[in-house]
Amino acid sequence: MCLPPLLLDKVTAPDRKVRLGYLPEGEDDGLWRINAHKDRFGPPTWGVSFNDQCPTEFVTAFTTVLATAYQDGPEHYLARPDADPDLDAFHVVISLINRGWRIQHPRWGLRELQTPDGMAGLEFATGRLNPEKELTTLQARWYMWGGPKASSWYATASTNTPTALLTAITESVSDLAPLPRWKDQMPRSLREKAQLIPITPPPPSAPTPLDVRRTAPRRAPALTTCSVPRWSTTTMPSAVLPARSPGPRR
């Protein structure tokens with residue numbers, strides 16, 4: 001994929017074998033695109049994308065595990081060619097199953113899980129896929145989505161994406177912990193479906209006696225007998241005036 005330089009913000013690993021692209025003005029709604037390469041001049045070994053509606057918490061969960069895997073070496077951030085696809089898929093979705101996601105009716109070439117309320121799902125495509133289309137379209141090995149149609153998000157991952165990185169996404173997506181959001185910035189369709197709990201700031205703590213003394217207005221010091229002015233009969237020396245220069249008399 002080639003985009004004009006002004007439309008692409010890119011972060012690369014020191015050896016340029018892992019690349020993260022942020023495309024706020026790209027040709028489609030794919031906001032985040034992350035690729036890993038065995039050869040930095042060759043095609044990507046795997047690719048992951050998140051669209052512009054995807055919560056940043058999911059992207060952060062993925063990049064956090066990716067950074068650790070990169071530090072551990074290529075055998076961690078690049079999938080082994082002899083990995084069992086079915087076993088890897090089970091490790092990815094087990095967290096979803098344990099948190100109530102349900103396996104849907106099997107379809108040819110596709111396995112699917114959804115939440116009980118039908119507001120999020122994960123699809124795993126079986127069989128051979130076109131490697132180029134996996135990186136440039138939604139026809140990827142993994143496809144995860146969520147939210148109402150008017151404001152839905154999605155994430156894709158191609159074949160050979162390491163299991164640990166995929167699990168980071170599924171763990172984050174299925175996490176039941178609440179997320180902070182500004183209500184006015186949420187789409188109406190999402191506000192009608194989400195469970196919103198107002199966050200009330202804690203009341204201010206009671207002031208301590210020291211705080212009271214610091215903030216209390218200071219009273220002017222009372223006048224003492226030594227500071228009260230009194231009349232005196234002593235004649236004070238007058239100021240010495242400058243001498244006049246002698247002038248002509250009339």
Side-chain angles (χ1 to χ4, degrees), residues 1-3 13 16-21 23 26-51 53-54 58-59 61-63 65-66 69-70 72-97 101-115 118 120-146 152-174:
M1 178 179 297
C2 296
L3 293 176
R16 300 184 180 273
K17 291 184 178 181
V18 178
R19 304 168 188 173
L20 183 150
L23 298 88
E27 297 177 344
D28 52 31
D29 61 349
L31 183 62
W32 300 91
R33 297 190 184 277
I34 306 168
N35 297 329
H37 304 251
K38 290 182 179 179
D39 182 351
R40 62 180 180 177
F41 299 108
T45 302
W46 57 259
V48 172
S49 69
F50 302 88
N51 80 328
Q53 297 293 328
C54 188
F58 305 162
V59 184
F62 179 86
T63 55
V65 176
L66 174 60
Y70 177 81
D72 294 337
E75 66 276 11
H76 294 274
Y77 69 87
L78 296 175
R80 296 189 301 270
D82 58 347
D84 185 348
D86 292 334
L87 183 59
D88 285 349
F90 174 77
H91 289 311
V92 172
V93 303
I94 186 62
S95 60
L96 303 179
I97 297 175
W101 290 48
R102 299 172 181 174
I103 300 177
Q104 302 301 299
H105 297 293
R107 291 181 286 167
W108 184 84
L110 190 68
R111 300 172 186 173
E112 185 178 4
L113 289 88
Q114 282 191 17
T115 57
L122 178 144
E123 299 176 1
F124 173 71
T126 60
R128 295 179 60 86
L129 299 177
N130 185 313
E132 183 178 354
K133 288 185 177 180
E134 283 198 78
L135 298 173
T136 57
T137 70
L138 300 182
Q139 301 177 25
R141 181 71 63 186
W142 298 91
Y143 177 79
M144 184 170 288
W145 59 272
S152 60
W153 62 265
Y154 70 79
T156 66
S158 69
T159 303
N160 291 331
T161 303
T163 303
L165 304 183
L166 293 169
T167 304
I169 304 176
T170 56
E171 287 279 355
S172 180
V173 170
S174 60

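Computed over heavy atoms, backbone and side chain alike; hydrogens, waters and symmetry mates excluded. Note that the coordinates shown come from a computational prediction; the quantities given were computed from them, not determined experimentally.
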message: Other residues, nucleotides and ligands only: do more than 12 of their heavy atoms fall within 6.0 Å of CD1 on Ile97?
response: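 Atom CD1 in Ile97 is packed in, count exceeds 12.
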Exercise: identify the closest heavy-atom pair between Trp46 and Tyr77: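 For Trp46 versus Tyr77, the nearest heavy atoms are NE1-O, 2.8 Å.
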- request: Give the minimum heavy-atom separation between Ser172 and Ala61, together with the two atoms involved.
  value: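 So the two residues come closest at CB-CB, 3.6 Å.
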Could you list the residues that satisfy salt bridge (charged side-chain N to carboxylate O under 4.0 Å, His left out) with [X], not counting sequence neighbours?
X: Arg102; answer: none
X: Glu132; answer: none
X: Arg107; answer: Glu112

- prompt: With Trp32, which residues qualify under ring pair (Phe, Tyr, Trp, His ring centres under 6.0 Å), at least two apart?
  reply: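 Listed in chain order: Tyr22.
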Restricting to side chain to side chain contact (heavy atoms under 4.5 Å, CB included), what partner residues turn up for [X], sequence neighbours left out?
X: Pro131; value: none
X: Ala89; value: Phe124, Trp142
X: Leu129; value: Ala125, Glu134, Arg141, Thr159
X: Thr115; value: Trp101, Asp117, Met119, Ala120

Under the side-chain hydrogen bond (donor to acceptor under 3.5 Å, both in side chains) rule, collect the residues that match up with [X], sequence neighbours excluded.
X: Arg19; answer: none
X: Tyr70; answer: Asp15
X: Thr161; answer: none
X: Asp72; answer: none

query: For Thr167, does its backbone N or O pair with a side-chain atom of Thr170 as donor and acceptor, under 3.5 Å?
result: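 It does hold such a pair.
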task: Drop me the distance from Asn51's CG to Trp153's CH2, to the nearest 0.5 angstrom.
output: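 Interatomic distance, Asn51 CG to Trp153 CH2, rounded to 0.5 Å: 8.5 Å.
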